[in-house]
Student: 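Attaching a single structure in structure tokens format; questions to follow.
No hydrogens, no waters, no symmetry mates; every other heavy atom, side chains included, goes into these values.
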Amino acid sequence: MAYDYEYFKREIMALTQIDLNCYKERQMKRRIDSLITKHSIMGYDQYVKELKTNSQYFEEFINFITINVSEFYRNPEQWVTLDTVVFPELIKKFGKNLKIWSAACSTGDEPYSLVMALSKHLPLNQIKIIATDLDKQVIEKAKIGLYNEKSIASVPSEMKTKYFTKVGPSYKIADEIKARVEFREHNLLKDPYLSDCHLIVCRNVLIYFTEEARDDVFRKYHKSLVSGGFLFIGSTEQMINHKEIGYERSGAFFYTKP
């Protein structure tokens with residue numbers, strides 16, 4: 001292909017402020033090359049020109065590289081731990097006004113799951129989740145709150161009955177759940193992080209980052225948490241150096257800041 005990938009990364013950084021150097025190159029390059037091939041574009045130089053002038057290509061590119069695979073109550077056994085251990089401990093320590101950050105929230109499945117799960121412990125009007133993602137498109141999808149049957153397969157039956165309405169082949173989440181989530185755009189690799197969080201949830205996203213970028217994010221999360229706060233990560237991820245950063249392990253996918 002004309003021009004090289006290094007050139008492409010520089011152009012994308014200038015255009016979007018997304019640093020592709022922080023992503024595993026082999027995986028990301030393969031994804032981008034497939035897009036270029038799909039549109040029969042002759043190389044990175046031409047593709048950059050298209051991204052600058054064609055809004056449809058640009059939105060497709062952002063949506064494609066920000067990996068949006070999400071579902072409600074993903075890995076249900078981990079949500080049992082959240083329900084029976086983490087939430088009770090947080091409420092006991094910090095009371096009812098918990099600051100919870102769902103980072104890289106994708107289409108909203110995770111923050112809405114957090115609201116429903118927490119509603120077993122607190123009234124809805126006392127729950128607030130801050131949900132962030134790099135991708136404007138998925139945030140807009142999240143605000144609409146319309147999901148297919150597969151996405152909600154793991155939602156507990158009582159929650160499904162209470163908070164979802166069937167609309168054709170899809171399911172719409174209740175407005176009272178949506179109202180408890182504040183969506184914001186946020187780039188984990190460059191933007192300032194939230195502070196004084198009691199719980200940060202970031203699952204199955206950092207696997208796409210380089211080891212250095214992943215380590216940096218874990219360290220920033222540590223600074224974002226209050227002492228006694230929890231970090232909840234995905235089943236695809238590991239934090240081998242958690243002690244070095246300052247975390248204590250509280251379960252298979254849960255870490256606390258002492």
Side-chain angles (χ1 to χ4, degrees), residues 22-24 26-28 30-31 65-90 98 100-118 120-121 129-135 138 142 147-157 159-160 181 186 188-189 193 197-222 224-225 229-257:
C22 293
Y23 292 82
K24 292 180 181 176
R26 190 173 174 184
Q27 288 178 322
M28 187 55 69
R30 185 171 64 245
R31 292 175 67 83
I65 66 164
T66 54
I67 296 75
N68 296 308
V69 178
S70 190
E71 61 189 57
F72 285 80
Y73 285 81
R74 189 173 184 176
N75 309 115
E77 67 284 355
Q78 295 167 26
W79 288 82
V80 171
T81 302
L82 198 67
D83 177 44
T84 60
V85 178
V86 176
F87 283 152
E89 189 171 328
L90 288 175
L98 298 176
I100 298 175
W101 178 14
S102 173
C105 68
S106 189
T107 50
D109 314 43
E110 181 177 273
Y112 291 146
S113 294
L114 285 166
V115 175
M116 288 188 287
L118 195 51
K120 293 172 66 176
H121 302 268
I129 310 294
I130 299 170
T132 65
D133 202 275
L134 174 68
D135 188 341
V138 297
Y147 301 93
N148 61 35
E149 193 166 1
K150 184 180 177 184
S151 292
I152 68 165
S154 295
V155 175
S157 56
M159 296 290 185
K160 203 178 292 186
V181 180
H186 183 267
L188 284 172
L189 300 172
Y193 279 40
C197 295
H198 300 106
L199 171 66
I200 298 174
V201 183
C202 183
R203 307 177 68 223
N204 309 306
V205 174
L206 303 184
I207 187 175
Y208 300 104
F209 288 10
T210 63
E211 191 174 327
E212 294 75 18
R214 188 166 61 243
D215 185 76
D216 186 53
V217 170
F218 283 141
R219 291 178 188 276
K220 287 178 178 176
Y221 283 155
H222 187 270
S224 293
L225 287 168
F230 281 82
L231 172 64
F232 179 19
I233 66 174
S235 55
T236 59
E237 292 149 344
Q238 293 182 343
M239 199 192 322
I240 298 168
N241 61 336
H242 66 275
K243 290 182 180 177
E244 178 196 326
I245 297 174
Y247 291 100
E248 290 181 358
R249 197 162 184 169
S250 298
F253 307 102
F254 294 89
Y255 297 85
T256 55
K257 178 180 178 177

Student: Indicate the atoms forming the closest heavy-atom contact of S113 with W79, along with that distance.
Tutor: CB-CH2, 3.5 Å
Student: Considering only heavy atoms from C-beta outward, does the side chain of I233 approach that of L206 to under 4.5 Å?
Tutor: no
Student: I need the minimum non-hydrogen distance between Y221 and I200, along with the two atoms involved.
Tutor: O-CD1, 3.7 Å
Student: On a heavy-atom basis, which atom in V155 and which in K160 lie closest, and how many Å separate them?
Tutor: O-CE, 3.5 Å
Student: Closest heavy-atom contact between I129 and P111?
Tutor: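 Scanning both residues completely, I find the closest heavy atoms to be CG2-CB, 3.9 Å.
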Student: Are any of the side-chain heavy atoms of L231 and L225 separated by less than 4.5 Å?
Tutor: yes
Student: Please report the closest heavy-atom contact between S235 and N204, naming both atoms and the distance.
Tutor: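 The pair with the smallest heavy-atom distance is N-OD1, 3.4 Å.
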Student: Give the intermediate values and the outcome of side-chain contact (heavy atoms from CB on, under 4.5 Å) for residues M28 and Y208.
Tutor: CA-CA 8 Å; M28 187 55 69; Y208 300 104; 5.9 Å; no
Student: Would you mind telling me which of E237, Q78, E110 makes a side-chain hydrogen bond (donor to acceptor under 3.5 Å, both in side chains) with R203?
Tutor: Q78
Student: Return each pair, listed once, that meets salt bridge (charged side-chain N to carboxylate O under 4.0 Å, His left out) where at least one residue sits in residues 238-249; pairs must be two or more places apart or across chains.
Tutor: R219-E244
Student: Hey, could you give me the OG1/CD1 distance between T236 and I207, rounded to the nearest 0.5 Å?
Tutor: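 The OG1 atom of T236 sits 4.0 Å away from the CD1 atom of I207.
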Student: Indicate the atoms forming the closest heavy-atom contact of D83 with A117, along with that distance.
Tutor: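 Answer, listing the atom of D83 first, then A117: OD1-O, 4.4 Å.
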Student: Counting N and O atoms only, with roles assigned by atom type, does the side chain of Y147 sit under 3.5 Å from a partner on the main chain of F72, one being a donor and the other an acceptor?
Tutor: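 It does not hold such a pair.
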Student: Indicate, with yes or no, if the rings of Y193 and H186 have centres closer together than 6.0 Å.
Tutor: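 Ring centres of H186 and Y193 closer than 6.0 Å.
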Student: Who pairs with F209 by ring pair (Phe, Tyr, Trp, His ring centres under 6.0 Å), at least two apart in sequence or on another chain?
Tutor: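 Once residues adjacent in sequence are excluded, the partners of F209 under the ring pair (Phe, Tyr, Trp, His ring centres under 6.0 Å) criterion are Y23.
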Student: Starting at NE2 of H242, measure out to NE2 of H222 and round the result to the nearest 0.5 Å.
Tutor: 11.0 Å
Student: Would you call the rings of F254 and F232 parallel, tilted or perpendicular if under 30° counts as parallel and over 60° as perpendicular?
Tutor: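 Parallel, since the angle between the ring planes stays under 30°.
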Student: Measure from the side-chain N and O atoms of K257 to the backbone N and O of S224, and report whether any donor-acceptor pair falls under 3.5 Å.
Tutor: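 It does not hold such a pair.
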